[in-house]
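Below: the structure, in structure tokens.
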There are 2 protein chains.
Amino acid sequence: MVNIDFPGALIYLPISSLRKRNMRPNKRDELVRKALKVFYRNGFHATGMDKLVVETGVSKTSMYKHFRTKEELILAALRLRDENFRNWLYRRMEEGADTPKAQLLAMFDALGEWFSEPEFQGCMFIKASAEYQNPKDPIHVQAAEHKRLISEHIREIARASGAHDPEDLSDQLMVLAEGAIVLSVMNVGGDQAAIAKRAAIALIERALTPHDLQG
Amino acid sequence: MVNIDFPGALIYLPISSLRKRNMRPNKRDELVRKALKVFYRNGFHATGMDKLVVETGVSKTSMYKHFRTKEELILAALRLRDENFRNWLYRRMEEGADTPKAQLLAMFDALGEWFSEPEFQGCMFIKASAEYQNPKDPIHVQAAEHKRLISEHIREIARASGAHDPEDLSDQLMVLAEGAIVLSVMNVGGDQAAIAKRAAIALIERALTPHDLQG
DNA sequence: CGGTACATTTACAGATCAGTAAAGTTTACA
DNA sequence: TGTAAACTTTACTGATCTGTAAATGTACCG
């Protein structure tokens, strides 16, 4: 069976299926997009299928034709969010950053933009792992996978930066990023992206300085 | 209005006032303690009052005599968790740490102990703020207050440490701590407490070094 | 002993939960 | 235009949700 859940794969479907009524995309894709918004805004347990019927305009029977369970719909929404977020983040890190070091720092500028959005609602994957805490739960697994993918991306850039211990550096930068997200959601203190960026600068400078020059 | 929910305050209330409110602190306290465990393990929305009846052995009617709503019970459980956790953390930070710098680093050792507990279940307040995302929601507000209290404690120690910018240092250490918690819950990477501690060491050393000695 | 305060059990209300069945309507396309 | 797939409405299941009512049990206390 073809995996048509993954949004990136949808463009390979015949155009004919997307035609008619202002090039309106597949109902299924639209459902996932709208469900994502509702889950993101309201939480997973707090969002019932009846609410999704109202908010998405898709009938309940149609939903269950596309997804056998609510869990499958949540997983599809998380996949879409993962793709959207990582595409956005990676693009923001590349734009106008010519060195690996600048790319790493650009991550914190991107976080700052994200936090400043009026509709900022925190990290959907942290929320997912909080609501589905069992490490074996598919939702928890998928949320963790999102963090792992970002972590690996940062690691590659850290390797290219010339740091003596790129693994340790990237691990530390990930901790800073996640901490900034959490404190930003809870509105504790000031500009968490700026705080994390200052720390990141210190850690990166240190990682790029030869050992024999360090105190 | 007297705050009679806060467990530590109960002993200061005259018995007569407890009688008038139809409250026996022992039963009530026991209910909160058991409810805390269930909420912590299962989540808030996923835990129904009927489940609490089974898990705590307290009848539903009795619960609603003590707490008018589920939300009030959750708030009481969060207050208890806040007291328990901060007492534990602050004690761990003082034990065998003779300097402010050692106390700050001891926080990450404490986090390491916490993460290693077989029944480690993440931060209850991050989970609460994730399930009740509305910043005006009393549960969200109380969860944020917990982080703010810890943040203030760290800030005081940073001030005593002699760092040039103790506010910035403590903000950065808080970011590291929260990030370590999140990544630890999601099981991304290795020992997040150790990673955060290494970053903390670098940041603290830097903050304690006079500017004219820095590169 | 009798009264009061609190606890209990049992049952229920009304809403909402995830998920399904049946049958009618729209759409795509040959 | 015929046909099949996709989509719809309507109604339903049985479980579970928060919260309440009523009757009963029980421990303390004058």
Side-chain angles (χ1 to χ4, degrees), chain A residues 1-2 4-5 10 13-35 38-39 42-77 128 131-132 137-139, chain B residues 4 10 13-35 38-39 42-77 131-132 137-139:
Chain A
M1 186 153 94
V2 179
I4 60 171
D5 288 336
L10 285 174
L13 290 178
I15 301 295
S16 56
S17 68
L18 299 179
R19 206 152 64 80
K20 200 65 181 173
R21 274 191 97 181
N22 295 351
M23 298 281 292
R24 219 171 109 186
N26 227 358
K27 285 278 176 187
R28 183 199 176 96
D29 200 32
E30 197 181 329
L31 164 61
V32 174
R33 248 199 334 269
K34 288 179 176 171
V38 183
F39 281 133
N42 281 62
F44 301 98
H45 285 102
T47 301
M49 297 304 272
D50 291 293
K51 182 161 207 168
L52 287 176
V53 169
V54 174
E55 298 276 336
T56 67
V58 178
S59 72
K60 203 194 274 197
T61 312
S62 295
M63 286 183 176
Y64 279 98
K65 287 251 167 70
H66 288 306
F67 303 97
R68 282 183 314 181
T69 62
K70 181 185 181 184
E71 180 182 85
E72 282 191 11
L73 177 55
I74 292 175
L75 288 172
E131 287 206 46
Y132 302 88
D137 190 303
I139 295 176
Chain B
I4 57 167
L10 284 174
L13 288 178
I15 301 297
S16 58
S17 87
L18 292 175
R19 282 247 184 76
K20 282 187 175 181
R21 291 167 185 271
N22 290 349
M23 291 164 191
R24 286 184 183 175
N26 296 342
K27 289 275 177 187
R28 183 199 173 96
D29 213 32
E30 196 181 329
L31 164 61
V32 175
R33 223 177 309 122
K34 288 179 176 171
V38 183
F39 281 133
N42 282 61
F44 300 99
H45 285 100
T47 301
M49 297 304 270
D50 291 292
K51 183 161 207 166
L52 286 176
V53 169
V54 174
E55 297 278 335
T56 67
V58 179
S59 74
K60 203 194 276 197
T61 314
S62 296
M63 286 182 176
Y64 278 99
K65 287 249 167 69
H66 288 307
F67 302 96
R68 281 182 317 180
T69 62
K70 182 185 179 183
E71 179 182 86
E72 282 191 11
L73 177 55
I74 291 175
L75 288 171
E131 286 206 47
Y132 302 89
D137 190 303
I139 295 175

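The figures that follow rest on heavy atoms only: side chains count, while hydrogens, waters and symmetry mates do not. Residue numbers begin at 1 in each chain, while the letters A, B, ... track the order of the sequences.
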Nearest-Å distance for atom pair [atom1]/[atom2], residues [X] and [N]:
X        : N      : atom1 : atom2 : result
B/Arg28  : C/dA5  : CZ    : P     : 19 Å
B/Phe67  : D/dT18 : CZ    : C1'   : 16 Å
B/Glu131 : D/dC17 : CD    : C1'   : 15 Å
B/Ile74  : D/dC17 : CD1   : P     : 13 Å
B/Asn42  : D/dT16 : CG    : P     : 14 Å
A/His66  : D/dA5  : NE2   : P     : 15 Å
A/Tyr64  : D/dC12 : OH    : C1'   : 14 Å
A/Leu31  : D/dC7  : CG    : C1'   : 12 Å

Specify the closest pair of heavy atoms between [X] and [Y], including all atoms of both residues, with the distance to one decimal.
X       : Y       : result
B/Ala76 : B/Val32 : O-CG1, 3.6 Å
B/Glu55 : B/Val38 : CB-CG2, 3.6 Å
A/Thr47 : A/Lys70 : O-NZ, 2.8 Å

Just so I know, are the side chains of [X] and [Y] near enough to count as touching, which here means a heavy-atom distance under 4.5 Å?
X        : Y        : result
B/His66  : B/Val58  : no
A/Arg33  : A/Asp29  : yes
A/Phe67  : A/Leu31  : yes
B/Glu131 : B/Ile139 : no

Could I get a table of every N or O pair under 3.5 Å where one atom is in the protein and the other is in nucleotides 21-23 of chain D?
| from | atom 1 | to | atom 2 | distance (Å) |
| --- | --- | --- | --- | --- |
| D/dA21 | N6 | B/Thr61 | OG1 | 3.0 |

Under the 3.5 angstrom rule, does the side chain of A/Lys51 hit a backbone N or O of A/Ala46 as a donor-acceptor pair? no
Filtered N/O pairs between nucleotides 13-17 of chain C and protein, under 3.5 Å:
none

Measure from the side chain of A/Ser59, starting at C-beta and using heavy atoms only, and say which of C/dT8, D/dT8, D/dG19 lies closest.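 Among the listed nucleotides, the one closest to the side chain of A/Ser59 is D/dT8.
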Whichever of B/Gly57 and A/Thr69 has the more 5' nearest nucleotide on DNA chain C, that residue is B/Gly57
Tell me whether the rings of B/His45 and B/Tyr132 are parallel (<30°), tilted (30 to 60°) or perpendicular (>60°).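 Correct class here is parallel.
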Quick one: is B/Ser62 getting a side-chain N or O under 4.0 Å of the C/dT8 phosphate, OP1 or OP2? yes
